[in-house]
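Working notes, structure below.
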Amino acid sequence: MRNLFKKITAVTLSMTLVVGLASITGAAVKTGTDVSSGKSWTSYSIHTREDNGEWEDALKKDGQFYATSITNASGLDAYKAYGENAKISTQTASGFTMDVTSTGWSANYGPTGKDSSGNLIYSVMQSNPWGVTATKIVNVERGRSYTISFKIKSTLSNEVTQTKERADGTGYNEGTGTYNYLKHVHFKAYDDKDENGAALELSGLSATIGGKSVLVTGNKTINKDFSSFITLDSRNTADDGWVTVNATVQVPVEKSDYQGKAKNPTMGIKFAFGAFLREYPNENNMSGTIQVKDFKVTAGNQAPAQVKISKVTAKKKALVVKFKKAARAKKYEVQCSLNKKFKAKKTTTKVTKKTKVTFKKLKSKKKYFVRVRGFYKSGGKKIYGAYSKIKKVTVK
């Protein structure tokens, strides 16, 4: 097996390393505003210990050291040479330069099968590239869409290695004389207040250089955490080596769906620059620089305003729902249900342009719950506003 030195048994450590704080602002912004302006970047790597050494110390405790076959003249203990080592050297609000000593070897490593003799085969079970990251936290509004755009380039390279085993069972890397210049990276927009760093869905994601796409999607080897990769080639001279990236993200409109306790919600953008050993085993222990420029998070369209129900009138086996027009709404989705949580089997939904809806053939003397939300279509997708407050009424 190649390029494998350690396992990370607690993969969730990668998702808890959210670094940096956002300033607080309650003011709504205009469409087209770059909400990332003035916000700083933070970098992280296992070796530079921005998490106060939590991850690195956990590896030490578990005996997960990087092994090499070389001990230098000063007597360096090779078993204490850690892989992930990188830091942002210069930055502005619109970009940064990260100096990468090593992208590392991080992966969740364990038994994945048996050979013909019945012996366990150990290999990478899941990549864990969050050992090298760059992060920015921005202020957002619930229900608003944002366009993330930037350019990125790499000078990373490495000699492809293969794993050798010592008599004591430990391993070390040995160079093959072949060099690799490709580095796949991943970025996500996410809920920075969620302990697992829950990712938000990106739409319209593109990554191009010289008019050609360098975006990798739909690969069966990609696990659920990494739905897309951007391919950086440090030899590429097209567009001076810069890959242009664009994506759109929609912040959920309901407090129950996004940072419910936060008066002023925020969103994180995080780059994963560590090694994807499962997907790309030759990209471990790369060194060089990664640069990002022209970074923007541009405020787009806001979701419709919350609907206000003005009156619900109970009639014989019927209900009449009246509500007020909501800003930005083109149509309305009105729901009537026997269940206060609006479970599908007990809920009737009507879509209308009007502000008055009648539900008929209801059950007499039963209590019904009613709510309304507005929506419009953008790019073939419905953009919903927040639901109105729930009204309850008993049918005659």
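Keep in mind it's a predicted model, so treat the numbers as computed, not measured.
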query: CG of N282 to CG of L277: how many Å apart, nearest 0.5 Å?
result: 10.0 Å
- prompt: In the single-linkage hydrophobic clustering (I, L, V, M, F, W, Y; side-chain heavy atoms under 4.5 Å), do I383 and I148 co-cluster?
  reply: no
query: Any sub-3.5 Å donor-acceptor pair from T103's side-chain atoms to A275's backbone N or O?
result: no
message: Whether the side chain of N246 engages the backbone of S149 through a donor-acceptor N/O pair (distance < 3.5 Å, no angle test) should be reported.
response: no
- prompt: Taking side chain as C-beta onward, heavy atoms only, is R49 less than 4.5 Å from D57?
  reply: yes
query: Measuring from T90:OG1 to M98:CE, what's the distance to the nearest 0.5 Å?
result: 11.0 Å
- request: Assess whether side-chain contact (heavy atoms from CB on, under 4.5 Å) is satisfied between C336 and L319, documenting all intermediate values.
  value: CA-CA 9 Å; C336 176; L319 287 176; 3.8 Å; yes
Aromatic centroids of F271 and F150 separated by under 6.0 Å: yes
task: List the steps, then state whether ring-ring contact (aromatic ring centres under 6.0 Å, His included) holds for F229 with Y280.
output: CA-CA 11 Å; F229 294 104; Y280 304 104; 5.4 Å; yes
- request: Report yes if the side chains of H47 and E84 come closer than 4.5 Å at any heavy-atom pair, otherwise no.
  value: no
message: Measuring only between side-chain heavy atoms, which start at C-beta, is H184 closer than 4.5 Å to E279?
response: no
query: Are any of the side-chain heavy atoms of Y44 and T135 separated by less than 4.5 Å?
result: no
- request: For the pair Q306 (side chain) and Y387 (backbone), establish whether a donor and an acceptor sit closer than 3.5 Å, ignoring hydrogens and angles.
  value: yes
message: Between S228 and T217 (side chain of the first, backbone of the second, donor and acceptor by atom type, cut-off under 3.5 Å), is there such a pair?
response: no
- prompt: Minimum heavy-atom separation for W55 to W130, with atom names?
  reply: CZ3-O, 3.5 Å
Residue K255 excluded, over 12 heavy atoms near NZ under 6.0 Å: no
- prompt: Hey, what do you get for CG (L338) to OH (Y368), rounding to the nearest 0.5 Å?
  reply: 4.0 Å
- request: Quick one: closest heavy-atom pair of F342 and I390, and the distance?
  value: CE1-CD1, 3.6 Å
- prompt: So which heavy atom on S234 is nearest to which on L156, and how close?
  reply: OG-O, 3.0 Å
task: Using the side-chain contact (heavy atoms from CB on, under 4.5 Å) rule, take T133 and T42 through it: C-alpha gap first, then chi angles, then the decisive distance, then the call.
output: CA-CA 8 Å; T133 62; T42 57; over 6 Å; no
Hphob cluster co-occupancy, V320 + I309, side-chain heavy atoms under 4.5 angstrom: no
- request: Mark yes or no for whether N139, through its side chain, and V35, through its backbone, hold a donor-acceptor pair below 3.5 Å.
  value: no
- prompt: Are F187 and I152 side-chain neighbours, meaning at least one heavy-atom pair lies under 4.5 Å?
  reply: no
field: Any donor-acceptor pair under 3.5 Å from Q259 side chain to T266 backbone
entry: yes
- prompt: When hydrophobic residues are tied together by side-chain contacts of less than 4.5 Å, even through go-betweens, does L362 share a cluster with V370?
  reply: yes
task: For the pair T147 and T298, evaluate side chain to side chain donor-acceptor pair (under 3.5 Å) and give the outcome as yes or no after the intermediate values.
output: CA-CA 5 Å; T147 298; T298 307; 5.9 Å; no
Flag side-chain contact, heavy atom, 4.5 Å: F273 against V100: no
- line: For N285 and N158 the tightest heavy-atom approach is O-CB, 3.6 Å
message: Check whether K188 reaches the backbone of L202 with its side chain - one donor and one acceptor, N or O, closer than 3.5 Å.
response: no
- request: Output, in order, the C-alpha distance, side-chain angles, deciding distance and verdict of side-chain contact (heavy atoms from CB on, under 4.5 Å) for K330 and K377.
  value: CA-CA 8 Å; K330 298 297 183 182; K377 285 187 177 181; over 6 Å; no
query: Can you find a pair of side-chain heavy atoms, one from Q91 and one from S40, that are under 4.5 Å apart?
result: yes
message: Check for me, please, whether M286 and L182 land in the same ILVMFWY cluster - side-chain distances under 4.5 Å, paths through other members count.
response: no
task: Using atom types as modelled and distance alone, determine if a side-chain donor or acceptor of R328 lies under 3.5 Å from a backbone N or O of N301.
output: no
task: Mind checking the OH-NZ spacing from Y190 to K270? Nearest 0.5 Å is all I need.
output: 4.0 Å
Backbone N/O of T349 and side chain of Q335: donor-acceptor pair under 3.5 Å: no
- request: Could you tell me whether D233 and R235 have a side-chain N and a carboxylate O separated by less than 4.0 Å?
  value: yes
message: Given 3.5 Å as the limit, does a donor-acceptor pair link the side chain of R142 with the main chain of Y258, or not?
response: yes
task: Report the distance from atom CD1 of I230 to atom CD1 of I209, rounding to the nearest 0.5 Å.
output: 11.5 Å
Aromatic Y384 / basic R373 pairing, under 6.0 angstrom, 45° off normal: yes
task: Check whether any side-chain heavy atom of S203 lies under 4.5 Å from a side-chain heavy atom of K381, and answer yes or no.
output: no
query: Roughly how far, to the nearest 0.5 Å, is the CG atom of D192 from the CD1 atom of I137?
result: 4.0 Å
task: Could you verify whether a donor N or O on one side chain and an acceptor N or O on the other, from E50 and T48, lie under 3.5 Å apart?
output: yes
task: State whether the number of non-hydrogen atoms from other residues, nucleotides or ligands found under 6.0 Å of N119 atom CG is greater than 12.
output: yes
field: NZ/K153: more than 12 non-hydrogen atoms of other groups inside 6.0 Å
entry: yes
query: Relative to F359, does K350 satisfy both conditions: NZ or CZ under 6.0 angstrom from the six-membered ring centre, and within 45 degrees of the ring's axis?
result: yes
query: Which heavy-atom pair separates A318 from V395 by the least distance, and what is that distance?
result: N-CG1, 3.6 Å
Minimum-distance pair of heavy atoms, taken over all atoms of S388 and V307: CB-O, 3.0 Å
message: One pair to check against side-chain contact (heavy atoms from CB on, under 4.5 Å): I269 and F295. What are the steps and the verdict?
response: CA-CA 11 Å; I269 296 92; F295 184 91; 4.0 Å; yes
message: Do V29 and V249 sit in one hydrophobic cluster, given that two such residues count as connected whenever their side-chain heavy atoms are within less than 4.5 Å of each other, even indirectly?
response: yes
